[in-house]
2 protein chains.
Amino acid sequence: MALDHAILVSLLEKPGSGYELARRFERSIGYFWTATHQQIYRVLKRMESEGLLAVRDVPQHGRPDKKEYSVAAPGRAALSLWLHEPIEPESMRHDLAVKIRGAAFDDPAALVREVERHHQVHSDRLAHYLAGELRDFTGPDAPAPLDAGQELQHVVLRGGIAYERMTIAWLDDVLATLHRLGAPPPSA
Amino acid sequence: MALDHAILVSLLEKPGSGYELARRFERSIGYFWTATHQQIYRVLKRMESEGLLAVRDVPQHGRPDKKEYSVAAPGRAALSLWLHEPIEPESMRHDLAVKIRGAAFDDPAALVREVERHHQVHSDRLAHYLAGELRDFTGPDAPAPLDAGQELQHVVLRGGIAYERMTIAWLDDVLATLHRLGAPPPSA
DNA sequence: TCTTGCTATGCAACTCGTTGCATAGACAAG
DNA sequence: CTTGTCTATGCAACGAGTTGCATAGCAAGA
């Protein structure tokens, strides 16, 4: 049920509509959580009916009306409860690793392109995170002394950056290994 | 549907029963994929009915009979197909990061224990992976020239090791940040 | 002997997440 | 004036994953 809590945190940071939340889930929150708009709308509706969220209809000019959600007192309490109970360290789900082990029963060289494609995606993400870090935390336009919330956002972002760097280095390792297998040592 | 393919790869590496697969998913395959026994039994049954797997009843002495599954020709073909089609780079799901950002609206110091607990779990996993690496790939008992399958298993394991190391370093960063917030600079 | 633990398989119910589709107003480009 | 894109919300169906429970034989130890 962590999507509920991710939404609570995001709405505490700033109230917004389902659509806005969906876009945040493609950006900052997307470092560590993903959700589609359908999921978000469904959960928002349920949480509102449970009294965890408050809705406000906001008419807009030049675009459709939106429903702005914010966290109600019971929502804040629910989040606090969750924050104080232990959670399981996450489990990995890495399709590419399945493919790499599977390549032993197929053509390893055929994987090179796929790995390179992933390398590109992760490089792009890294660049995007670094730009965000400069803009919000370490650049000249960032607030001079960060408050607690910003410090915590920054350390989470540093986690995303570390993850992308690690992944890129590993994909280099994978590529080197694939090339080594494709061209076995000529001296052997 | 990547569980299907993870099972195919595992059964190609070595045929086995649902129970054995479940235990592999707690060990080597668990570096990058998890599954419970219920999930595995259900998928095995489905894949067998689809003709992707073959079953063989193996009577055992001193313990219940088991059903040993192995990959049939259509299963191998299905895996090959999947290996040649591109997959999306994975998305993260990191509950702890949600908690860290949520801590801004609660007591950041209360998170220290939780983060330390995760630190311990990841340190244990790292030690476990390193022991496995020494045993299977880099130690004196490891096969002298690794074949392609072993090379690929090794590079996947190196990915798991890199992931744990990165995570541990990040959790240190998180702890330092939490301590900094708990004890703001006395000179300020 | 009774309990605990391991091997071994499975059902049923539920929640979570994905995919495809639908609606609808506003605006910009062709 | 039509097509495409962006904001904005939503349903329905399906597939994936989790949780609780049930069974059953065998072995080891209290």
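All values derive from a computational prediction rather than experimental measurement. These numbers come from the heavy atoms of this one structure, side chains and all, not from hydrogens, waters or symmetry mates.
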Listed once per pair and sorted, the ring-ring contact (aromatic ring centres under 6.0 Å, His included) pairs that draw on residues 11-33 of chain B, sequence neighbours left out: B:Y31-B:Y129
Can you give me the bend angle of the helix from C:dT1-D:dA30 to C:dG30-D:dC1? Use the axis through the first five pairs and the one through the last five, nearest 10 degrees. 20°
Hydrophobic clusters join Ile, Leu, Val, Met, Phe, Trp and Tyr when side-chain heavy atoms are under 4.5 Å apart, directly or via other members; which others share one with B:M92? A:M92, A:Y163, A:M166, B:Y163, B:M166
Taking only residues two or more places apart in sequence, or in another chain, which ones meet A:R46 in a side-chain hydrogen bond (donor to acceptor under 3.5 Å, both in side chains)? A:D4, A:E50
Just do the salt bridge (charged side-chain N to carboxylate O under 4.0 Å, His left out) check on A:R113 and A:E116 with the steps written out, would you? CA-CA 5 Å; A:R113 276 175 180 238; A:E116 282 170 346; over 6 Å; no
Any residue meeting ring pair (Phe, Tyr, Trp, His ring centres under 6.0 Å) with B:H94, in chain and number order, not counting sequence neighbours: B:W170
Within a strict 4.5 Å, meaning less than it, do heavy atoms of the B:E13 and B:S28 side chains meet? no
Check ring pair (Phe, Tyr, Trp, His ring centres under 6.0 Å) between B:H154 and all other residues, then give those that pass, not counting sequence neighbours. B:F137
Can you name the residues that form a side-chain hydrogen bond (donor to acceptor under 3.5 Å, both in side chains) with B:H84, not counting sequence neighbours? A:D106
For A:R56, check side-chain hydrogen bond (donor to acceptor under 3.5 Å, both in side chains) against everything at least two apart and list the hits. A:E68
Students should find this one: the first and last nucleotides of DNA chain C, 5' to 3', lying under 4.0 Å from a heavy atom of chain A. What are they? C:dC16 to C:dA26
Using the ring pair (Phe, Tyr, Trp, His ring centres under 6.0 Å) criterion, which residues pair with A:Y41? Sequence neighbours excluded. A:H37
So, do A:R135 and A:D141 sit near enough that their side-chain heavy atoms are less than 4.5 Å apart? no
Both B:Q60 and A:A2 contact DNA chain C. Taking the nearest nucleotide for each, which residue is further toward the 5' end? B:Q60
Between residues 7-24 of chain B and DNA chain C, which residues have a heavy-atom gap below 4.0 Å? B:S17, B:G18, B:Y19, B:R23
Just wondering, do A:K66 and A:E20 contact through their side chains at under 4.5 Å, heavy atoms? yes
Expected list for residues 28-50 of chain B near DNA chain D, using heavy atoms below 4.0 Å, is B:Q38, B:Q39, B:R42
